[in-house]
2 protein chains.
Amino acid sequence: MTDAAAVSTFQEDLKKRCSTCSLRHLCLPLGLDSDDIKRLDDIISQRRKVPAGQHLFRVGDSLRSLAAVRTGFFKVYELGADGREQVSGFQTEGDLLGLDAISGGAHRGSALALVDAEVCAIPFDRLEGLLAEMPGLQRRFHAILSGTIVANQTLMMMLGTMRAEHRLATFLLDLSARLGARGRSPTLLHLPMSREDIGNYLGLKLETVSRVLSHFRDQGLIKVAGRTIEIRRIDALRALVSGVLRH
Amino acid sequence: MTDAAAVSTFQEDLKKRCSTCSLRHLCLPLGLDSDDIKRLDDIISQRRKVPAGQHLFRVGDSLRSLAAVRTGFFKVYELGADGREQVSGFQTEGDLLGLDAISGGAHRGSALALVDAEVCAIPFDRLEGLLAEMPGLQRRFHAILSGTIVANQTLMMMLGTMRAEHRLATFLLDLSARLGARGRSPTLLHLPMSREDIGNYLGLKLETVSRVLSHFRDQGLIKVAGRTIEIRRIDALRALVSGVLRH
DNA sequence: TTCGCACCTTGATGTAGATCAAAACATAGC
DNA sequence: GCTATGTTTTGATCTACATCAAGGTGCGAA
């Protein structure tokens, strides 16, 4: 930090390092000590900007690097046997992209930037090497993989057993919690995705999404202004999800 | 193998070893060389029988070991916020159970033996140690975790976008392929689960499952005799799934 | 063999959400 | 500013599947 060469590129360096990244308590480095994070820094050299509307990767692309979202928002979607699209998730700061490509070596879905985004590329072969040497990183990586499985099971639960209102309430609460964990307001949400994307993710049509949101608005649970949604009675949303308000 | 002590327990040993296990080309050891499999053998000491109708683990149980299914069939299900059940998968020979518990340390779902079953217990802490030392095993383990994510995405696709007939056809084809990979008949299926379990897994009611199966039978696609189903026109089922037969 | 019980099938009816349609609202370009 | 284009809202109608209901089937126990 104090030698001449480092100073000359101080700005870039500061931005590129996990050590100083504001997301290090969410992302891959979570739980690592500073020595370990420095070793992780060594393999994460590349940042990549992805403008809104562009793909980070597409189905069939081979996996070279996992990507950690630095800023922005992605939707990942797959194409079914009959060509229909299914959104499998929305990823934002600190989330990892590309985990589904580890088995098979090629991406199973496409990742589209919903807003201007930036990602850190994590070369997968070098990560594998580091995992073997760093037990803490290995545990963290397995926790992320397992956590992805758990998140998908939550979604399966929604798609399999919940009605439209419960799905939307769960969606809003999940988004609220995730934004909250990232230091954003947990009640004032700026949705980066369309009603159609939300519907696709939740197994609903866009009209149904719109109707349910209007219904929540009429009940005073939320305030809707286009893609900006303010949660006004988060407790009522929670009660709805937990089935207290059956109707 | 040739010393006196080993000979005395030859039968048990033979049964307990991955090295000689008929599932080693499906299960965790897939792709490992014989030296590596021997090291894996060392940490997998326990077999456990689980009679039909009993749980291997329940929600909240802490994770000590992953379990590899040796024989039998399990269903894994979770309970939602409102208490409703969602079957997240059916596991059989060579499948790993407990992956969702790695993040969080406790099981998120319950695993129920649908028929008499036997599993190999894989102590997770010892597995972690071995992963760090054996690159091949690490790759295999990551492929399994990633493959579970991919399998769940397929299910999400079904739940989110497919109609009842497509879901059932996909279910039958998936089961057929899995049994085929295990050396069983890919056309004569003995379902270990009830219509209700199938329906829950697919996001349908048991009556709908029954009706769709009857419909397939009437079309000559399958033969139904209780839980025994014979696939007669697998090509037609595939065509249905791929959307060729839209109607 | 018969009983009891759990599971499955089939039919009649109801309904949540899809589909069809159109108007209101943004947002971007000119 | 106005026009064009995509997104969202709201309404009317339709439908795939759920729900309710009644028999049928198979299997273990006595």
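Small disclaimer: the values here were computed from a predicted structure and weren't measured. Because only heavy atoms are used, hydrogens play no part in the values below, and waters and symmetry mates are left out as well, while side chains stay in. Protein chains get the first letters and strands the later ones, always in sequence-line order, with residue 1 at the start of each.
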Touch check for [X], heavy atoms < 4.0 angstrom, all strands: base, sugar-phosphate only, or nothing?
X       : value
G203(B) : sugar-phosphate
V209(B) : nothing
V212(B) : nothing
S194(B) : sugar-phosphate

Exercise for review: State plainly whether the residues E93(A) and R184(A) are in salt-bridge range, i.e. N to O under 4.0 Å.
Suggested key: yes

Do the side chain of [X] and the base of [N] come within less than 3.5 angstrom through a donor-acceptor pair of N or O atoms?
X       : N       : result
R227(B) : dG26(D) : no
E196(B) : dC8(C)  : no
E165(B) : dC17(D) : no
R211(A) : dT19(C) : yes

Practice item. Verify whether one side chain among S214(B) and R217(B) offers a donor that lies under 3.5 Å from an acceptor in the other. Key: yes

Check your understanding: Does one side chain, of T228(A) or H190(A), offer a donor that lies under 3.5 Å from an acceptor on the other?
Key ->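 Indeed, the side chains of T228(A) and H190(A) share at least one donor-acceptor pair under 3.5 Å.
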
Between [N] ([atom2]) and [X] ([atom1]): distance, integer Å:
X       : N       : atom1 : atom2 : answer
F216(A) : dT9(D)  : CZ    : P     : 13 Å
R195(B) : dT9(C)  : CZ    : C1'   : 9 Å
L168(B) : dC8(C)  : CG    : P     : 13 Å
N200(A) : dA18(C) : CG    : P     : 11 Å
H215(B) : dG11(C) : NE2   : C1'   : 16 Å
L202(B) : dA18(D) : CG    : P     : 11 Å
R163(B) : dT19(C) : CZ    : C1'   : 12 Å
L206(A) : dA21(C) : CG    : C1'   : 13 Å

I want to check one thing: is the phosphate of [N], taken as OP1 and OP2, less than 4.0 Å away from some side-chain N or O of [X]?
X       : N       : result
S214(B) : dT10(C) : yes
T208(B) : dC17(D) : no
R217(B) : dC8(C)  : no

Review point. What orientation do H107(A) and F57(A) show, parallel under 30°, tilted 30 to 60°, or perpendicular over 60°?
Key: parallel

Point to revise | Residue E207(B), side-chain heavy atoms: nucleotide from dT9(D), dT10(C), dC17(D) that is nearest | key: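 Looking only at side-chain atoms, E207(B) lies closest to dT10(C).
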
**Study point:** Aromatic F73(B) / basic K75(B) pairing, under 6.0 angstrom, 45° off normal
**Key:**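 Pair K75(B)/F73(B) does not count as cation-pi.
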
